[in-house]
Structure formats: structure tokens, C-alpha cells
Amino acid sequence: MFEVGVIEEAGAAEVALDPVRARLLALLAEPHSATSLAAIVGLPRQKVNYHLKTLESHGLVELVEERRKGNVTERVLRATAASFVISPVALAAVQPDPARSPDRLSARWLLALAARLVKETGQLITGAAKAGKPVATFALDGTVRFASAADRAAFAQELTAAVTALVSRYHDENAPGGRDHRVIVAIHPSIRGAESGDTESKGS
């Protein structure tokens with residue numbers, strides 16, 4: 001089981017967003033049969049089995065084992081990932097395009113960048129899985145508390161200068177066999193309970 005699974009097909013996204021199937025997916029972080037799930041969710045086993053077959057047909061759950069009980073073979077299933085994210089690929093006609101209106105101070109542009117990150121990383125994971133190879137990625141996650149908006153602006157300027165200098169030092173346009181890598185740096189207010197309504201941004 002993967003920690004995070006990427007849903008790239010519209011049909012799979014529709015299936016996963018169904019409330020009953022979404023609950024079954026959550027429960028299937030641990031192996032279950034249709035019988036055991038039916039007892040938990042309070043639905044007939046036949047109905048649960050129908051939902052499980054639908055999830056399995058879209059690659060969202062997988063068979064763990066088959067147990068023989070008398071004349072009946074009980075199938076034990078598990079979700080293919082502990083959690084899932086839906087890639088913009090599943091909504092190809094309306095997926096965000098960061099190139100459409102670039103604005104470093106726009107929260108909506110940041111969201112478009114994040115959507116592209118999910119899309120491209122998901123495609124890399126899918127391709128790497130088929131090829132049986134790892135994906136070379138790197139990420140940082142941290143928190144910084146600014147005393148003022150002026151400090152935040154100064155930090156953004158220094159960060160821009162530092163990243164620009166680093167990219168200039170290592171970027172080689174004509175490197176034989178080289179491969180482009182995306183570099184995304186983002187700053188946004190953290191969500192803190194009742195303060196989640198604080199959506200301060202510029203150009204959003």
C-alpha cells in the first residue's frame with residue numbers, strides 16, 4: 001500500500017467521491033471483507049460487495065487474500081493507498097494553467113501552481129511505477145513567523161534573490177543529457193482553527 005495514491009481518471013474520481021465509497025476506502029486502510037465492512041457501515045453485504053467491485057475496477061482497492069468458508073470464498077480487500085489526491089488530469093478540460101495569468105502575489109496563481117505540481121508529480125509516479133524506477137524529487141516544509149508585513153515582504157525579496165542566484169549557478173542550458181527540473185517556492189499563511197477565515201492575499 002502506498003501512503004498517497006493519485007487519481008488521474010475522471011471515472012475513478014467520480015467513484016471515489018461517492019460518500020459511501022469514500023467511507024469504504026477509508027476503512028480499507030486495513031484489510032476487510034464485504035461481510036466485515038457491511039457490519040461496520042450498516043449496509044447489506046451485497047450492496048457493499050457491489051461498491052467494492054466498482055472501486056476495484058478503477059484500481060482503488062486490491063485483493064489481499066481469499067478465504068474459504070464452507071462453500072463460500074471470502075475476498076479480503078485493501079485500499080491501494082492510505083489516502084488519495086485527485087489530479088487535475090481527471091478534469092482535463094478545466095484544469096488550472098499557471099501560464100494563463102502569472103502573478104507571484106496571487107493566492108489563486110499559487111493554487112494553480114499547486115495543481116500543476118499534483119498533476120506532474122502524479123504523472124511521474126505513474127510512469128515510474130510502470131518502468132519500475134524511483135522518481136528523483138526533493139521537498140522542504142517549514143514554518144516561519146513574521147513579526148510584520150514588512151518583514152514578510154523583505155523575506156520574500158531575499159528568498160527570491162537567493163533562489164535566483166542558486167538557479168543561475170546550477171542551470172546549464174546546453175548540458176548533454178541534462179533534464180529540466182521544476183523549482184517551486186511558496187509562502188502562504190498557515191491555517192489555524194478559527195483563524196482559517198484569514199485569507200489575506202493580493203491579486204487573488
Shortest non-hydrogen contact from [X] toward [Y]:
X      : Y      : result
Ala34  : Val48  : O-CG1, 3.8 Å
Ala79  : Phe84  : CB-CE1, 4.5 Å
Leu110 : Ala186 : CD1-CB, 3.4 Å
Leu60  : Ala12  : CD1-O, 3.9 Å
Ala81  : Gly5   : CB-N, 3.3 Å
Val118 : Pro88  : CG1-CD, 4.1 Å

Lys/Arg-Asp/Glu bridge criterion (N-O < 4.0 Å) met for Arg78, Glu30: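 Salt bridge: no.
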
Atom [atom1] in [X], atom [atom2] in [Y]: separation rounded to 0.5 Å?
X      : Y      : atom1 : atom2 : result
Ile40  : Thr35  : CD1   : OG1   : 11.0 Å
Leu28  : Glu62  : CG    : CD    : 10.5 Å
His58  : Glu9   : NE2   : CD    : 7.5 Å
Leu113 : Arg182 : CG    : CZ    : 8.5 Å
Asn49  : Glu74  : CG    : CD    : 10.5 Å
Leu111 : His188 : CG    : NE2   : 10.5 Å

Looking at side-chain heavy atoms only, is the closest gap between [X] and [Y] below 4.5 Å?
X      : Y      : answer
Ile7   : Val85  : no
Arg104 : Thr160 : yes
Thr121 : Val6   : no

Path from [X] to [Y] over hydrophobic side-chain contacts below 4.5 Å:
X      : Y      : answer
Leu159 : Leu105 : no
Leu52  : Leu63  : yes
Leu27  : Leu43  : yes
Val144 : Ile187 : yes
Leu17  : Leu55  : yes

More than 12 heavy atoms from other groups under 6.0 Å of CZ on Arg68: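 Correct, the count exceeds 12.
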
Asp180 atom CG: more than 12 heavy-atom contacts under 6.0 Å: no

Verdict with reasoning, Val61 to Leu24, per side chain to side chain contact (heavy atoms under 4.5 Å, CB included): CA-CA 10 Å; Val61 302; Leu24 292 176; over 6 Å; no

Could you check whether any side-chain N or O of [X] sits under 3.5 Å from a backbone N or O of [Y], counting only pairs where one atom can act as donor and the other as acceptor?
X      : Y      : result
Ser36  : Ser33  : yes
Thr80  : Gly59  : yes
Ser148 : Asp151 : yes
Thr54  : Tyr50  : yes

Side-chain donor-acceptor contact under 3.5 Å, His171 with Glu173: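 Glu173 and His171 do have a side-chain donor-acceptor pair below 3.5 Å.
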
Residues Glu66 and Thr73: side-chain donor-acceptor under 3.5 angstrom: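 No.
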
All salt bridge (Lys or Arg N to Asp or Glu O under 4.0 Å) counterparts of Arg116, not counting sequence neighbours: none

Evaluation steps, side chain to side chain contact (heavy atoms under 4.5 Å, CB included), between Val20 and Val41: CA-CA 9 Å; Val20 174; Val41 301; over 6 Å; no

Pairing residues for Phe146 by the ring-ring contact (aromatic ring centres under 6.0 Å, His included) criterion, not counting sequence neighbours: Phe155

Hydrophobic cluster of Val76, others only, ordered by chain and residue number, side-chain cut-off 4.5 Å: Val64

Worked check of side chain to side chain contact (heavy atoms under 4.5 Å, CB included) between His32 and Leu77: CA-CA 6 Å; His32 279 284; Leu77 301 168; over 6 Å; no

With sequence neighbours excluded, residues passing side chain to side chain contact (heavy atoms under 4.5 Å, CB included) with Pro44: Gln46, Lys47

Residues that Ser83 engages under side chain to side chain contact (heavy atoms under 4.5 Å, CB included), provided they are two or more places apart: Val4

Residue pair Arg75, Lys53: steps toward the side chain to side chain contact (heavy atoms under 4.5 Å, CB included) verdict: CA-CA 11 Å; Arg75 303 178 78 242; Lys53 287 182 177 179; 5.5 Å; no

Residue pair Arg21, Glu14: steps toward the salt bridge (Lys or Arg N to Asp or Glu O under 4.0 Å) verdict: CA-CA 10 Å; Arg21 292 168 186 158; Glu14 182 179 359; over 6 Å; no

Name the atoms and distances for all side-chain donor-acceptor pairs under 3.5 Å in residues 122-142, with sequence neighbours left out.
unit_1: Thr126; atom_1: OG1; unit_2: Glu8; atom_2: OE1; d: 3.0
unit_1: Thr126; atom_1: OG1; unit_2: Gly122; atom_2: O; d: 3.0

